[in-house]
Amino acid sequence: MAELVGRLQSAFAARGEPVEWRAYSHDPVRVGEPLRAAGFTAMGPDRTLLLADLDEVAAGTSTVAPSKGLRVRRLDYGYHRERSLDRLAEAGGPYARGLADVREDHGNVLGWALNVQLLEADTRLVGVGWAEAVGWTEFVAVRGMTGPHTEFLPNWVQWARNSHALRLSTGSPRQAPGRRYLMAEAPDGPIRDALLAVGFRAVSTVRSYAWTPAGPPPAVTRPVAMLIGDRDHDALCAEFQDRFAFKPSYTYYPSIEEPPDSVTWHVGDVTDACHSYQLRRNLPDDHRVARLQKAVERGLRACVRPGEQLYSVDWWHQGYRFDPARVGGSGGPTWPGAACWEGDYYMLLTRDLRMGTFWHPWEESLCVFGAELLAEVEHDLTATLGTVMRRGGRNTGNVWTFESSGDAV
């Protein structure tokens, strides 16, 4: 166990990230002592792991209703008491997972894998609870409540039974499981007692241990943040549209005014019937789309400034903000997005738009702009994709673009 803990510490020290290890009483190996010996410290009180069948909770809460003068409703977009919500959630705890943490995981997407319930009086917010679908499992987890608000549970049971919505949150509806159970973690106190009273059962206890690597201050942000309804992401899209005169079109090529320090390649002939852009992560290493992606990732990593983040922008869909130094490696998240993607305009950008890539799905072209980035990737991309299509937005003579019809010859 000491060797395993040491390997984990080495990996997180290399990434400059703190660690939380959750030790359960039912674990076959007791890990508390090895963790403390390695420098981990216990966080907060022990919590009880609680499980319940949806039917049992439905029966146990059949007569539960808000007190007179209060109402329960689900958080939706445009809620006008967001600051009160954040303050109320931050003031409570400890939680299995804080609301801000969970919302960041889900990119603020409400109604798919995340459900936030509100308890309101006429003019104020008095309680909050949040639950999320747990990946490809049969569980929905109650991650936190600001009080013993069992009034939220009937709504979460109904939501958990809505297999269509929760299966969409994990992938193919035919492959994802139905939800059958609720789970929660709570320390001794009124929330734990209230959950036990409506059908939950105590099955284990859990204690969290934390460790922070020595050296420079560790990262305080996630390697990747999903962006939906994010003001910074929306502002970046608007700035890109203005600066590059972006005109989405099936027939208008090249759709942007390519800057002087740009090179554009045609990508349409590097795929085949067995490998599409969208399945890029399953491509063999020697496939040209995989080589294209690796060249772009390597170039962007080499050119970003220390601590600078990149943006992965899929027009009409959610985007991502990420640290290129902390993605794509062993044990970390994969690189979000791709240089080219079927059916969507796709961009990889610095926030100041000094460099990046623009993928045109209908022309099947990849524009790379920014002198620094071109110096890193032009040779490799030309070797992978072949002859350059445009430089600085001007045809090179071997390929001609006709804006009226979008045909390339």
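- Using a 4.5 Å cut-off on side-chain heavy atoms (C-beta onward), Gln309 and Phe322 make no contact.
- Atom-to-atom distance recorded for Leu195:CG and Thr48:OG1 is 10.0 Å, nearest 0.5 angstrom.
- Across every non-hydrogen atom of Gln9 and Ala38, the tightest pair is NE2-O, 2.9 Å.
- We find the CD1-OG1 distance between Ile256 and Thr264 to be 7.0 Å, quoted to the nearest 0.5 Å.
- Under a 4.0 Å N-O distance rule, the pair Arg351/Asp232 qualifies as a salt bridge.
- In this structure the side chain of Thr146 never reaches within 4.5 angstrom of the side chain of Val126, judged on heavy atoms.
- Atom CD of Glu20 is surrounded by more than 12 heavy atoms from other residues, nucleotides or ligands within 6.0 Å.
- Here the rule is side-chain contact (heavy atoms from CB on, under 4.5 Å) with Val57, and of Thr61, Leu54, Asp53 only Thr61 fits it.
- Checking Thr350 against Arg305 by side-chain atom types alone, no donor-acceptor pair falls below 3.5 Å.
- Taken from CH2 in Trp156 to CZ in Arg74, the straight-line distance is 11.5 Å, to the nearest 0.5 Å.
- Using a cut-off of 4.0 Å between Lys/Arg side-chain N and Asp/Glu carboxylate O, Arg36 and Glu33 are scored as salt-bridged.
- Scored by the ring pair (Phe, Tyr, Trp, His ring centres under 6.0 Å) test, His26 finds Tyr24 as partners (sequence neighbours excluded).
- Looking at every heavy atom in both residues, Ala339 comes nearest to Val296 through CB-CG2, 4.1 Å.
- Under a cut-off of 6.0 angstrom, the local environment of CZ in Arg394 is sparse, with at most 12 non-hydrogen atoms contributed by other residues, nucleotides or ligands.
- One finds the CG atom of Leu85 at 10.0 Å from the CZ atom of Arg87 (value rounded to the nearest 0.5 Å).
- Counting heavy atoms from C-beta on, the side chains of Thr137 and Arg179 come closer than 4.5 Å.
- We find the OG1-CZ distance between Thr384 and Arg291 to be 4.0 Å, quoted to the nearest 0.5 Å.
- Here the two rings, on Phe369 and Phe244, have centers that are under 6.0 Å apart.
- Taking the six-membered ring wherever Trp is involved, the centroid distance between the rings of Trp211 and Phe12 does not fall below 6.0 Å.
- Scanning both residues, Trp359 and Asp344, for their nearest heavy atoms gives CD1-O, 3.1 Å.
- Annotation for Ser312 and Tyr346: closest pair OG-OH, 2.8 Å, computed over non-hydrogen atoms.
- The environment of Glu308 atom CD is dense: over 12 non-hydrogen atoms of other residues, nucleotides or ligands sit within 6.0 angstrom.
- Taking the side chain as every heavy atom from C-beta outward, Glu363 and Ser255 never approach each other to under 4.5 Å.
- Side-chain contact check for Tyr320 versus Met226: some heavy-atom pair is nearer than 4.5 Å.
- At a threshold of 4.5 Å between non-hydrogen side-chain atoms, the residues Trp130 and Leu75 do not count as touching.
- The shortest distance between side-chain heavy atoms of Trp159 and Val140 falls below 4.5 Å.
- Annotation for Arg298 and Val377: closest pair NH2-CA, 4.3 Å, computed over non-hydrogen atoms.
- A salt bridge between Arg161 and Asp55 is present, with a side-chain N of the basic residue lying under 4.0 Å from a carboxylate O of the acidic one.
- Here the straight-line distance linking atom CG of Leu119 with atom NE2 of His149 works out to 5.5 Å at 0.5 Å rounding.
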Evaluate the salt bridge (charged side-chain N to carboxylate O under 4.0 Å, His left out) criterion for residues Glu378 and Arg391: first the C-alpha distance (whole Å), next the side-chain angles of each, then the deciding distance (0.1 Å), finally the verdict.
CA-CA 11 Å; Glu378 182 174 355; Arg391 289 186 180 276; 2.8 Å; yes

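- Residues Arg22 and Arg47 meet the side-chain proximity criterion, which asks for heavy atoms closer than 4.5 Å.
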